[in-house]
Structure formats: structure tokens, C-alpha cells
Amino acid sequence: MDDKMSERYDLAIVGSGPAGVTAAINAKIRNKKIIIFGYENLSNKLYLAPKINNYVGFYGISGKDLTEKFKEHLAEMDIQVTYERVDSIYAMGEYYALMVNDKTYEASSLILATGVSFGKPFKGESEFLGRGVGYCATCDAPLYKNKTVTIIGYNKESMEEANYVSELASKVYFIPMFKGDYDLNENIEIVNDRPVEIIGDNHVNKVILKNVELETDGVFILRDNISPDQLVPGLLVEDGHIKVNRDMETNLPGCYAAGDATGRPYQYLKSMGEGQVAALNSVSYLDRLSRQK
Ligand SMILES: Cc1cc2nc3c(=O)[nH]c(=O)nc-3n(C[C@H](O)[C@H](O)[C@H](O)COP(=O)(O)OP(=O)(O)OC[C@H]3O[C@@H](n4cnc5c(N)ncnc54)[C@H](O)[C@@H]3O)c2cc1C
């Protein structure tokens with residue numbers, strides 16, 4: 001763990017889509033020390049929307065233009081998005097510990113605004129989680145020294161993880177789930193095929209693809225989103241969505257959720273309204289905490 005990171009934030013927001021950005025703006029207005037994690041495009045679901053007709057005041061705007069407006073708003077308020085994926089979060093009693101690669105961040109309160117992922121888990125994925133299947137290759141790479149690792153990569157960041165793993169593992173297969181230029185070390189074998197199932201006995205030993213089978217000791221599945229209960233152990237999830245009340249409180253004290261992650265309808269303004277409610281209630285929670293001290 002890295003001590004440099006252990007300065008404590010009042011509030012950590014995970015996700016830079018409409019819900020997370022709205023939460024960050026409202027918490028900043030209330031003078032809280034915040035950190036928001038996400039991506040350069042903020043949200044691909046926003047960035048890629050061709051034409052938006054239900055965003056009040058901006059009839060017919062494109063997702064790209066709206067993203068630009070969000071970015072200008074953040075810059076105006078001096079809010080920088082930390083371009084990192086949070087791998088896991090642990091409730092430590094008085095605070096939350098957020099694991100990001102080899103770093104740890106601390107925050108007294110938390111807003112989960114991670115959106116939803118449409119991808120269904122692969123057959124065998126949940127069964128072998130922790131027994132050869134993982135979601136953070138850089139975290140677990142040392143376990144696979146001189147072994148064979150398969151990486152199913154959904155984004156550009158997954159290539160950086162693959163490159164890192166290839167320095168330790170004896171063999172790395174990379175299965176790209178996106179189109180584009182692949183920037184991978186020479187000793188990585190790209191397998192252009194569709195994964196179907198992960199199999200093994202006590203531990204993973206094979207990935208079955210549509211056309212080939214790969215013998216492997218480990219499989220890392222690197223998506224943008226991690227299912228919320230994998231991300232925060234102990235978080236109550238119902239039908240794939242984080243369970244919240246009208247105050248956007250989850251079952252964990254000081255932990256709120258907003259946006260698509262809490263359930264349907266999947267829409268911008270619903271997500272943003274929830275982000276605002278979550279931020280304001282997080283502020284009240286923080287104020288209560290500081291009065292208790
Ligand atoms: C093509 C398309 C068109 C759409 N058109 C409309 C429309 O016209 N009107 C409308 O109201 N809605 C529309 N939607 C739906 C809308 O995009 C979503 O409801 C909205 O983006 C949800 O916002 P959110 O903030 O909850 O989540 P998201 O926008 O999904 O943002 C979540 C962000 O958090 C990031 N994240 C997740 N996990 C982590 C982690 N562990 N660490 C760091 N970052 C993380 C994600 O990568 C993502 O960037 C459309 C969706 C699509 C795909």
C-alpha cells in the first residue's frame with residue numbers, strides 16, 4: 001500500500017457519467033473535499049448518443065456536445081476527474097478504502113455512480129472468481145509469475161494491464177472485445193475469437209472460445225464496469241441494481257448510489273437527479289460525522 005495516497009477525502013465518487021458529475025458539482029458547491037474517478041470521455045453512453053431529445057433545455061443536442069458542456073462545467077468549478085478505474089472498495093468502519101491498481105485512497109463517504117453494464121458474465125466466470133478468474137490483472141499479476149494468463153479486454157486500458165502482466169507471466173493471450181489499434185508487447189498473442197466459457201476443476205485451466213480452446217492458469221476480464229457487489233463487498237444488490245431508498249442511501253453507512261446503477265429507467269435526467277440527492281445527503285452525513293467528533 002502507498003502511504004502517499006492516504007490523505008482522506010470527504011467524499012469519493014465512483015463513475016464520471018451524468019450521475020457522478022452531478023454529484024461532484026453539488027458536493028463541491030457545499031465545499032467538500034472530493035475525488036471523482038472515471039474516464040476521459042466521462043461516459044461512453046453519453047459521448048456516443050447521436051441525438052438527445054429529452055434533456056430539458058437542450059433539444060436535439062448530440063452526446064458529444066453535451067459531454068463538452070459537462071467538461072466545461074467541471075473545469076469552471078475546478079473539478080478534475082481522476083482517470084482511473086476503482087477495482088474494489090472496503091468499508092473500514094469510519095471510512096472507505098478504495099483500491100486503484102497498487103494505490104489506496106480513503107474517503108469518509110462514497111457515491112457509487114458506476115452505470116450498468118449490459119454484458120452478461122461468461123459461463124464459469126462467477127464460479128471461478130477468485131480461483132483463476134479476476135478483474136484486476138495488475139493487482140494479481142505476481143500470482144502468475146511464469147504461468148499462462150488470458151486477458152479478455154474491453155477497453156484500451158486493458159492493453160496496459162496486459163503489457164504489465166506479460167513482463168511476469170510466461171505466456172499471455174489477449175482477446176480483444178473492441179475494435180481499434182492494438183498496442184501490445186510483442187510476446188503477447190492476440191486471439192481474435194469470441195469467449196464462450198471458462199472451465200477447470202478446483203482452479204481455472206481453460207478458456208473455451210468459439211473456434212479454439214486456450215490452456216491457461218488465469219483469466220482476467222477487464223470491463224469498464226465491475227458488478228456493484230464485487231466492487232463493494234457487503235453492498236446489497238437486488239436484480240442487478242444497487243438497493244437504495246429515497247435518500248439514495250445503500251445498506252452501508254455513508255455509502256450512496258445514483259444513476260443507472262440503482263435501476264430503471266436508464267435516462268440522463270433521472271441519473272442526474274439521483275446524483276444530486278446522493279450528494280446532498282452525503283453532505284448531511286459528513287456534517288453529522290464532524291459534529292460527533
Ligand atoms: C446510445 C445511447 C443513447 C442514449 N440516449 C439517451 C437519451 O436520448 N436520453 C436519455 O435520457 N438517456 C439516454 N441514454 C441512457 C443514458 O446514457 C444513461 O441513462 C446515463 O448515461 C446513465 O448515467 P450514469 O451516470 O448512471 O452512468 P454512465 O453514463 O454509464 O456512467 C458511468 C461511468 O462510470 C464509469 N465507471 C464504472 N465503474 C467504474 C469504476 N469501477 N471506476 C471508475 N469508473 C467507473 C463508467 O465507465 C462510466 O464512464 C442513452 C444510452 C445510450 C447507450
Side-chain angles (χ1 to χ4, degrees), residues 1 5-39 42-43 74 79-101 103-117 135-136 224-238 240-263 271-290 292-293:
M1 263 181 216
M5 292 299 155
S6 52
E7 88 184 286
R8 193 171 297 171
Y9 291 90
D10 291 325
L11 170 64
I13 298 161
V14 187
S16 57
V21 165
T22 308
I25 287 167
N26 281 280
K28 179 86 187 209
I29 288 174
R30 299 292 295 268
N31 275 327
K32 296 301 169 198
K33 189 172 160 199
I34 61 165
I35 183 162
I36 169 169
F37 295 94
Y39 295 93
L42 298 181
S43 153
L74 289 169
I79 300 170
Q80 280 90 34
V81 176
T82 300
Y83 299 139
E84 285 185 300
R85 194 193 68 180
V86 177
D87 296 312
S88 46
I89 303 173
Y90 298 99
M92 308 297 285
E94 267 197 16
Y95 68 95
Y96 288 91
L98 294 93
M99 310 302 187
V100 177
N101 281 326
K103 287 169 281 183
T104 307
Y105 294 86
E106 291 183 8
S108 303
S109 180
L110 191 66
I111 296 179
L112 303 170
T114 47
V116 279
S117 155
Y135 298 127
C136 175
D224 284 343
N225 305 50
I226 301 172
S227 82
D229 43 352
Q230 296 290 346
L231 184 65
V232 192
L235 184 71
L236 196 59
V237 169
E238 248 178 30
H241 294 119
I242 304 170
K243 193 155 193 286
V244 287
N245 62 17
R246 275 191 62 83
D247 289 335
M248 298 295 126
E249 286 173 321
T250 68
N251 65 314
L252 302 173
C255 174
Y256 301 80
D260 285 1
T262 69
S271 300
M272 297 170 83
E274 288 192 355
Q276 181 172 41
V277 173
L280 297 182
N281 285 312
S282 157
V283 168
S284 307
Y285 171 83
L286 290 164
D287 292 347
R288 278 199 304 278
L289 266 194
S290 65
Q292 279 165 17
K293 277 189 185 147

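Residues R246 and V277 share a closest heavy-atom pair of O-CG1, 3.7 Å. Summarising the geometry of G234 relative to L252, their closest heavy-atom pair is O-CD2, 4.0 Å, with the distance given to 0.1 Å. The two residues A24 and I34 have their closest heavy-atom pair at O-CD1, 3.5 Å. In this structure, G38 and S16 approach most closely via the heavy-atom pair CA-OG, 3.3 Å. In this structure, A278 and A257 approach most closely via the heavy-atom pair CB-O, 4.3 Å. The minimum heavy-atom distance between R8 and K33, with the atom names listed, is O-NZ, 3.5 Å.
Within the 4.5 Å cutoff, the side chain of L11 has no heavy atoms near those of the S108 side chain. A 4.5 Å side-chain heavy-atom check between Y285 and L289 finds at least one atom pair inside the cut-off. Using a 4.5 Å heavy-atom threshold, the side chains of C255 and L235 count as touching.
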### Task
Would you please test H241 and T262 for side chain to side chain contact (heavy atoms under 4.5 Å, CB included) and show each step?
CA-CA 5 Å; H241 294 119; T262 69; 5.7 Å; no
### Task
Show your working on side chain to side chain contact (heavy atoms under 4.5 Å, CB included) between L112 and I89 and close with a plain yes or no.
CA-CA 10 Å; L112 303 170; I89 303 173; 4.0 Å; yes
### Message
Please evaluate residues I35 and I13 with respect to the criterion side chain to side chain contact (heavy atoms under 4.5 Å, CB included), reporting the C-alpha separation (whole Å), side-chain torsions for both, the decisive distance (0.1 Å), and the verdict.
### Response
CA-CA 6 Å; I35 183 162; I13 298 161; over 6 Å; no
### Message
Let's go through K32 and D287 carefully: what are the C-alpha distance in whole Å and the side-chain angles of both, what is the deciding distance for salt bridge (charged side-chain N to carboxylate O under 4.0 Å, His left out) to 0.1 Å, and is it a yes or a no?
### Response
CA-CA 10 Å; K32 296 301 169 198; D287 292 347; 2.9 Å; yes
### Task
Evaluate the side chain to side chain contact (heavy atoms under 4.5 Å, CB included) criterion for residues L42 and V81: first the C-alpha distance (whole Å), next the side-chain angles of each, then the deciding distance (0.1 Å), finally the verdict.
CA-CA 8 Å; L42 298 181; V81 176; 3.9 Å; yes
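Taking CD1 of I79 as the start and CG of L74 as the end, the distance is 5.5 Å to the nearest 0.5 Å. Separation of atoms OH (Y256) and CD (E274) is listed at 14.0 Å; rounding is to 0.5 Å. Taking OG from S109 and CG from D10, the interatomic distance works out to 8.5 Å, rounded to the nearest 0.5 Å. In this structure, CD1 in I29 is found 8.5 Å from CD in Q276, a value given to the nearest 0.5 Å. Between the CZ atom of R30 and the CD1 atom of I25 there is a distance of 15.0 Å, given to the nearest 0.5 Å. With rounding to the nearest 0.5 Å, the separation of CG in D229 from CD in E238 is 11.5 Å.
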Below 3.5 Å, can you tabulate the donor-acceptor pairs from side chains in residues 90-99 to any protein atom, sequence neighbours excluded?
from : atom 1 : to   : atom 2 : distance (Å)
Y96  : OH     : P253 : O      : 2.6

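Other residues, nucleotides and ligands contribute over 12 non-hydrogen atoms within 6.0 Å of the NZ atom of K28.
Aromatic ring pairs are classed by plane angle as parallel below 30°, tilted from 30° to 60° and perpendicular above 60°; the pair Y9 and Y105 is tilted.
The side chain to side chain contact (heavy atoms under 4.5 Å, CB included) check on T114 picks up V14, L231, A261, with sequence neighbours excluded. Taking Y135 as the reference, E125 meet the side chain to side chain donor-acceptor pair (under 3.5 Å) condition, with sequence neighbours excluded.
Ionic pairing of K103 and D87 is not present here: no N-O contact between side-chain nitrogen and carboxylate oxygen is shorter than 4.0 angstrom.
With hydrogens and angles ignored, the 3.5 Å screen pairs a side-chain donor or acceptor of T22 with a backbone N or O of P18. Between the side chain of N245 and the main chain of E249, a donor-acceptor pair closer than 3.5 Å is present. Distance alone, capped at 3.5 Å, places no donor-acceptor pair between the E84 side chain and the V100 backbone. In terms of modelled atom types and a separation under 3.5 Å, the side chain of S271 and the main chain of G259 share no donor-acceptor contact.
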